[in-house]
Amino acid sequence: MENKYLNQIFLSFILCQRRNSSLHTRENGFSNPIKLEPVQSCPVCGSNGYVRLEGCRDHICGLSGNWSFRKCQQCDSLWIDPRPTKEMISYLYPDNYCFTHTQPEAPLKEPEGFLNKLRFSVKLAILEHKFGYQGLSQQASISLGIKLGKFMRFLPGIPKWAGYTVRFLPYYPQGCLLEVGAGNGQFLWLMNELGWHVEGIEPDPKAVQAAAVTGLKLIKCGVEDVELKPSSYDAIVLHHVLEHLPDPKTVLKKLEYSLKPGGVLVSISPNPVGIIASCFKNNWYALDAPRHFILPSRKGYNFLVEGTNLKVKVYTIMQIFFWICRESLSIHQAGRVGKYTGWLLPKILSLFTSVLLPFFPDLGEEVVCYAVKK
């Protein structure tokens with residue numbers, strides 16, 4: 001259940017911000033209307049739901065239309081209803097969809113500025129001494145950061161902050177890694193540098209083209225259509241991918257089949273019952289209508305893996321809370337992203353929620369499902 005008291009405190013910070021209710025509608029990039037299909041039961045657990053959000057807009061790419069989301073009465077997941085049909089999916093990702101169409105940057109490149117270098121050094125030390133990735137300390141120029149990282153790896157929450165970079169996967173010598181929805185290949189490029197044998201699946205041709213600079217070959221196909229060999233991978237990663245799939249349960253079953261015994265599957269997706277989602281509602285940045293079909297809750301992931309041989313640990317994290325909060329404030333104020341440039345309020349709210357997260361485990365912005373095949 002949502003914690004209404006915490007939401008009221010959170011909203012007291014937000015409502016002091018000036019709100020401009022006007023929406024900036026842009027063209028959707030194609031003339032034909034989007035074909036839709038009804039989705040009356042929850043794609044996660046099959047239960048009934050009620051209309052939770054109406055009149056949702058595309059604040060990121062500017063596709064026209066109003067969208068509704070239902071909330072499951074059993075697992076608290078959100079899903080879009082009606083949703084675009086499968087043949088319309090490619091139209092939902094126009095040229096200005098910046099997340100996967102940009103050129104990837106060389107991995108493990110030290111940033112500019114002392115504080116950024118210090119953070120970089122701390123992170124590398126944690127990845128080396130907590131997650132087992134070898135030789136990373138040699139790539140950091142600030143020895144103080146290495147010493148701090150060795151100590152900070154024992155502090156609550158810090159290993160997750162660093163581990164997000166490798167999607168919480170420990171080093172596995174010569175391990176075979178599959179990323180579903182590899183985008184521009186940024187993550188695979190990093191993991192290849194860290195010693196993994198990597199493969200990627202990506203249906204977006206523009207993203208595959210952007211990934212060419214990595215030298216890695218991606219399979220240009222949807223995960224539903226690709227043929228995967230049984231027991232082939234030591235790890236499978238889906239980073240903000242599951243929410244784009246019409247039938248996530250079937251996909252997870254397929255991926256579990258291709259995972260080796262003892263292998264790890266990691267899925268990270270937006271948290272539909274987190275404090276930002278609960279307070280901003282239609283203006284929640286990670287709602288991302290109409291591209292997000294299903295947003296599983298922490299409880300929902302346990303339903304998704306029913307009938308598989310996956311043993312799961314599900315929790316929420318704060319890794320991108322600051323950014324999502326700032327963009328949600330931008331939508332709240334101006335009806336579009338990229339307009340809110342302040343940092344103090346999102347930082348205060350981020351710190352406030354981080355303190356409460358150990359006591360209220362559903363507050364985080366992202367849900368992490370860490371699953372091991374029995």
Side-chain angles (χ1 to χ4, degrees), residues 26-37 58-65 67 80 83-107 167 176-193 196-229 232-233 235-248 250-252 254-255 258 266-270 285-295 337-338:
R26 289 161 282 175
E27 293 300 320
N28 59 21
F30 56 101
S31 56
N32 295 327
I34 298 177
K35 297 178 182 179
L36 305 175
E37 60 186 7
D58 180 5
H59 299 290
I60 297 174
C61 295
L63 300 182
S64 61
W67 308 91
I80 195 168
R83 72 183 176 205
T85 58
K86 184 177 180 180
E87 60 266 25
M88 302 303 298
I89 290 178
S90 62
Y91 293 108
L92 306 181
Y93 302 88
D95 291 340
N96 62 339
Y97 186 72
C98 62
F99 301 103
T100 58
H101 293 172
T102 57
Q103 290 291 315
E105 299 179 357
R167 310 298 184 249
C176 189
L177 167 66
L178 172 69
E179 184 179 19
V180 178
N184 64 2
Q186 182 71 69
F187 174 70
L188 285 182
W189 196 1
L190 168 66
M191 299 306 279
N192 186 63
E193 292 290 308
W196 287 82
H197 295 300
V198 300
E199 297 178 24
I201 302 170
E202 174 54 55
D204 188 340
K206 293 185 178 66
V208 173
Q209 184 178 3
V213 69
T214 68
L216 304 173
K217 185 178 180 180
L218 304 185
I219 301 173
K220 190 171 64 175
C221 185
V223 63
E224 300 92 342
D225 303 317
V226 72
E227 183 176 347
L228 299 175
K229 296 180 180 179
S232 301
Y233 301 103
I236 299 175
V237 168
L238 302 93
H239 181 251
H240 285 261
V241 169
L242 201 75
E243 61 268 30
H244 297 262
L245 304 176
D247 188 1
T250 299
V251 168
L252 287 181
K254 180 177 184 177
L255 295 177
S258 66
V266 180
S267 177
I268 303 174
S269 57
Y285 177 87
L287 195 62
D288 197 14
R291 285 167 291 277
H292 284 179
F293 289 178
I294 173 67
L295 295 157
V337 297

Original post:
Heavy-atom count around Glu87 CD within 6.0 Å, excluding the residue itself: above 12?
Top reply: yes

Original post:
Quick one: do Asp247 and Lys86 make a salt bridge, cutoff under 4.0 Å?
Top reply: no

Original post:
Distance-only, no hydrogens or angles: does the Glu179 side chain make a donor-acceptor pair with backbone N or O of Val237 under 3.5 Å?
Top reply: no

Original post:
Between His197 and Asn192, does any side-chain donor sit less than 3.5 Å from a side-chain acceptor?
Top reply: no

Which pairs of donor and acceptor atoms, one on a side chain in residues 209-222, lie under 3.5 Å apart (sequence neighbours left out)?
residue, atom, partner, partner atom, Å
Thr214, OG1, Ala211, O, 2.6
Thr214, OG1, Leu216, N, 3.1

Subject >> Pairwise side-chain contact, Thr102 with Asn184, heavy-atom cut-off 4.5 Å (strictly under) >> reply: yes

Subject >> Aromatic plane relationship, His244 with His292 - under 30° parallel, 30 to 60° tilted, over 60° perpendicular >> reply: perpendicular

Original post:
Between Leu188 and Ala182, what is the shortest heavy-atom contact and its length?
Top reply: CD1-CB, 3.9 Å

Subject >> Min side-chain heavy-atom separation Thr100-Tyr93 under 4.5 Å >> reply: no

Original post:
Closest heavy-atom contact between Phe293 and Pro84?
Top reply: CE2-CD, 3.8 Å

**OP:** Begin with the C-alpha distance, continue with both residues' side-chain angles, and end with the deciding distance and a verdict on side-chain contact (heavy atoms from CB on, under 4.5 Å) for Leu92 and Leu63.
**Re:** CA-CA 8 Å; Leu92 306 181; Leu63 300 182; 4.1 Å; yes

Original post:
For the residue pair Met88 and Ile34, what are the closest heavy atoms and their distance?
Top reply: CE-CA, 3.7 Å

Subject >> Considering all heavy atoms, the nearest Val223-Leu255 contact >> reply: CG2-CD2, 4.1 Å

Original post:
Roughly how far, to the nearest 0.5 Å, is NE2 of His240 from OG of Ser267?
Top reply: 9.0 Å

Subject >> Under the side chain to side chain donor-acceptor pair (under 3.5 Å) test, residues paired with Ser90 that sit two or more places apart >> reply: none

Original post:
CD of Glu105: more than 12 outside heavy atoms within 6.0 angstrom?
Top reply: no

Subject >> Trace of the side chain to side chain donor-acceptor pair (under 3.5 Å) decision for Asp204 with His101 >> reply: CA-CA 9 Å; Asp204 188 340; His101 293 172; 2.6 Å; yes

Subject >> Side-chain (Asp288) to main-chain (Arg291) donor-acceptor, under 3.5 angstrom >> reply: no

Subject >> All ring-ring contact (aromatic ring centres under 6.0 Å, His included) counterparts of Phe187, not counting sequence neighbours >> reply: none

**OP:** For the pair Arg83 (side chain) and Leu36 (backbone), establish whether a donor and an acceptor sit closer than 3.5 Å, ignoring hydrogens and angles.
**Re:** no

**OP:** Any chance you could lay out the side-chain contact (heavy atoms from CB on, under 4.5 Å) test for Leu228 and Ile201, step after step, and finish with the verdict?
**Re:** CA-CA 11 Å; Leu228 299 175; Ile201 302 170; 4.2 Å; yes

Original post:
For the atom pair CD1 (Ile236) and OG (Ser258), what is the distance rounded to the nearest 0.5 Å?
Top reply: 3.5 Å

Subject >> Shortest non-hydrogen separation from Glu202 to Gly183 and the atoms involved >> reply: OE1-N, 2.7 Å

**OP:** Find the distance between CG (Leu245) and CG (Leu238) and round it off to the nearest 0.5 Å.
**Re:** 7.5 Å

Original post:
Any side-chain heavy atom of Tyr233 within less than 4.5 Å of one from Glu199?
Top reply: yes

Subject >> Val180 vs His239, side-chain contact (heavy atoms from CB on, under 4.5 Å): CA-CA, chis, key distance, verdict >> reply: CA-CA 8 Å; Val180 178; His239 181 251; over 6 Å; no

Subject >> For Pro246 against Glu224, the heavy-atom pair lying closest together >> reply: CD-OE2, 3.9 Å

